Undergrad: 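Sharing a structure with you now.
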There are 2 protein chains.
Amino acid sequence: MAHIPEQQSVRRDADSASDLARAGARQSPAPVPTSADVARLAGVSRATVSYVLNNATSVRISEPTRRRVREAADELGYVPHAAARSLRAGHSRMVLMPAPSMPVGALYRHFFNELQWALRRLDYTVVQFGSLGTSGDEAARAWAELRPVAVLAPGDGTLTPRGVQVLKRSGAKAVVTLGPQRVEGAHALLMDQRTVGRCAAAHLLDRGRGGIGVVVPREPGFETFSVPRLAGVRAAAEPAGARVVPLELGYNEQSAAQLAARWRESGLDAVFAYNDEYAMLLLRALQDAGVDVPGETAVMGADDLLLGRLLRPRLSTVRMELPSGQRLAELVDRAVRDPSGDPEVHRLLGAEAVPRDST
Amino acid sequence: MAHIPEQQSVRRDADSASDLARAGARQSPAPVPTSADVARLAGVSRATVSYVLNNATSVRISEPTRRRVREAADELGYVPHAAARSLRAGHSRMVLMPAPSMPVGALYRHFFNELQWALRRLDYTVVQFGSLGTSGDEAARAWAELRPVAVLAPGDGTLTPRGVQVLKRSGAKAVVTLGPQRVEGAHALLMDQRTVGRCAAAHLLDRGRGGIGVVVPREPGFETFSVPRLAGVRAAAEPAGARVVPLELGYNEQSAAQLAARWRESGLDAVFAYNDEYAMLLLRALQDAGVDVPGETAVMGADDLLLGRLLRPRLSTVRMELPSGQRLAELVDRAVRDPSGDPEVHRLLGAEAVPRDST
DNA sequence: TTGAAAGCGATACCAA
DNA sequence: TTGGTATCGCTTTCAA
């Protein structure tokens, strides 16, 4: 024991080199190296380690010392402890994006990825937090425990004003909802799905249709989109004297066949089928039932999927647009820097009818 | 000032009720309440607060005290600080699931969600960490900073053995890859995409085809799947004397039309089109070019999408199966509890040909 | 140029 | 039954 400096604690006595050697063998789980271990191995103080590894500009450290520290860190496989760091700092750069609880389209996924990427470029750590299972305020509490600097929550009604309060009190500088609804106290990136319905209805009216069916997926989780889309169709069509009828449809051939079999009695001459997938399903079923599309009935989807163009007749659709993730990332950044600003509301979703051969 | 106990620091002087009141006004950002604040308001020690809020069983706290503490916590909107807690505890229950860097199918998404849900039931905190942009060992370091108890990484080659070492040294009890490749030192949930190719090839050979084209998507990011699928076709077809030809295809009508235009000169009589979407695209293009399917050429997809059944002829496909997320969650849990266990390798992906009318 | 020490928030041991 | 206090890993001010 004579060679071991007195101040070292028993646990730290074991010299780091042999710790490292033992890491391969699965015996005792090698203790996770801390900055103190690095300091010891490099023969400097913890402060110096911190200075070197963080490239502190306020202090000048000699080049040989820097090298010794870097080598020691490398040898030990030292990785700083994010929690300890942000605890000390009093803040983090974590942006929490609770993952959407419903299946989302490619457009949204793309936007989501872009946003994530842009935030990372602004030096935020983006973390997706699966919120499935927990609900509402409970979820907000769980998020708040992580002390994110900003929260990008789905604007689908999960988050309540109370939830926003909880998050803000826990130190979140910005709470932003992303979806069809807005929430008191939070910024909103509003993707108003009614626009999609309105757009589809306008096109169908334009084609002279007077009885519009609106497909409402039977699968759970789609209400956040399907309800406002239906409302949008109503808002645009009913004032113009058209009839609007919601139609339940399950995503399977049988359900589509049933709907198609009753089609003629419904007296409808058009259908907005929620999205391209349901539209393709229904279009095929109608054709199989002998209903002429677009002669007897117009069929319209949404999402502008490539696959819709492969059908005959080619599927008319609603193309949606989202702004670049970059812009939204900047909004988040602004909100973080100036938490006192009033909640901003941005309408994001652009929609445009793409007439093809099915209407 | 007379009414304020001497021991309170200046910052804490402001009484909590008025802090709360000020939270609505956006003046000074109300300080985030800590357990000390709760203790002060309830007139107890921080220790007691901790006991009450964590339902500690080793200590008995009187009911009135419990109530006072709970009310104080409620009034302040207190939420515990996860980082501080896990720092003290020396471990967390965080499972990191770096989000897949490529677009994935519905099957995988479903599996992913199920796994996430099952882990949460086992009391883990599941966090998805977007790894886009950072690469390889750099990413592993970023993950390690969060000190997750387990990491579920995409098994697509991003993670290196070095990365695994970094994670383990940072205290991760289990590192599990999820994808086509395995990595030294980590458990593997192997989804060997060659199986899919083999399965498709077997079916096509069965149908008497001797020249098999294999679509390789031109879009970036698909290599991790397309390369092993091609290899699988080769492995199954070439020993049987069939010819295998890779075919680049972009996901657009033009690219498909080009490929179809050159079809007859290729002399192929079958194509495995990567997945149903590419298959549908190509099938339509072949038909438009006057190629008879399945007479002249068989077309096969993968994923068993509903939409594939809507085409005429109905698309033959490869249906894939993944085990329940529950089982995998249990595997992760086992690995966490017994970090010394040897890396397990599980083959996950089941594949089965679904013959329909296009082959 | 480097080191000592305080402190971030929560917990658990030991006393009282 | 409750309170004081050391501790987790890291950063940063102040002194040397």
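Residue numbers begin at 1 in each chain, while the letters A, B, ... track the order of the sequences. What you are looking at is a predicted structure, and each value in this text was computed from that prediction instead of being measured.
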Undergrad: dC8(C), dT11(C), dT2(C): which one has an atom nearest the side-chain heavy atoms of Ser50(B)?
TA: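 Looking only at side-chain atoms, Ser50(B) lies closest to dT11(C).
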Undergrad: Heavy atoms from C-beta onward define the side chain here; which of dG7(C), dG9(C), dG3(C) lies closest to that of Arg88(A)?
TA: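 Nucleotide nearest to Arg88(A)'s side chain: dG7(C).
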Undergrad: Would you indicate which nucleotide in dC10(D), dG3(D), dA10(C) comes nearest to any side-chain atom of Ala47(B)?
TA: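 It is dG3(D).
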Undergrad: Quick one: the side chain of Arg85(B) and the base of dT11(C), do they pair up donor-acceptor inside 3.5 Å?
TA: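 Absent.
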Undergrad: Compare the minimum distances between each of dT11(D), dG9(C), dT12(D) and the side chain of Arg46(A), then state the nucleotide with the smallest one.
TA: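 So the nucleotide nearest the side chain must be dT11(D).
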Undergrad: Measuring from the side chain of Tyr78(A) (C-beta onward, heavy atoms only), which nucleotide among dG9(C), dT2(D), dC10(D) has the closest atom?
TA: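 In terms of side-chain proximity for Tyr78(A), the closest of dG9(C), dT2(D), dC10(D) is dC10(D).
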Undergrad: Counting any heavy atom closer than 4.0 Å, what does Ser62(B) reach on the DNA or RNA strands: base, sugar-phosphate only, or nothing?
TA: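 Result for Ser62(B) = sugar-phosphate.
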Undergrad: By nearest atom, which of the nucleotides dT1(D), dT11(C), dG9(C) is closest to the Asn54(B) side chain?
TA: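 The answer is dT11(C), which lies nearest to the side chain.
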Undergrad: Compare all side-chain heavy atoms of Ser86(B) with those of Arg147(B) and state whether any distance is below 4.5 angstrom.
TA: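 No, too far: nothing below the 4.5 Å cut-off.
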Undergrad: Does Tyr51(A) contact dC10(D) through a side-chain donor or acceptor facing the base, at a distance under 3.5 Å?
TA: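 Side chain to base: no pair present.
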Undergrad: Between Arg67(A) and Glu71(A), is the closest basic N to carboxylate O distance under 4.0 Å?
TA: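 Salt bridge: yes.
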Undergrad: Is Ser86(A) touching bases, backbone alone, or none of the nucleic acid, heavy atoms closer than 4.0 Å?
TA: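 Contact class for Ser86(A): none.
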Undergrad: Going by an N to O cut-off under 4.0 Å, is there a salt bridge joining Asp333(A) and Arg337(A)?
TA: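 Yes, charged N to carboxylate O under 4.0 Å.
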Undergrad: Please work out if Val49(A) contacts a base, only the sugar-phosphate, or nothing of the nucleic acid, heavy-atom cut-off 4.0 Å.
TA: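 If one applies the 4.0 Å heavy-atom cut-off, Val49(A) turns out to touch nothing in the nucleic acid.
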Undergrad: Identify the heavy atoms of Gly155(B) and Thr177(B) that sit nearest to each other, and give their distance.
TA: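 Smallest heavy-atom distance, with atoms named: CA-CB, 3.9 Å.
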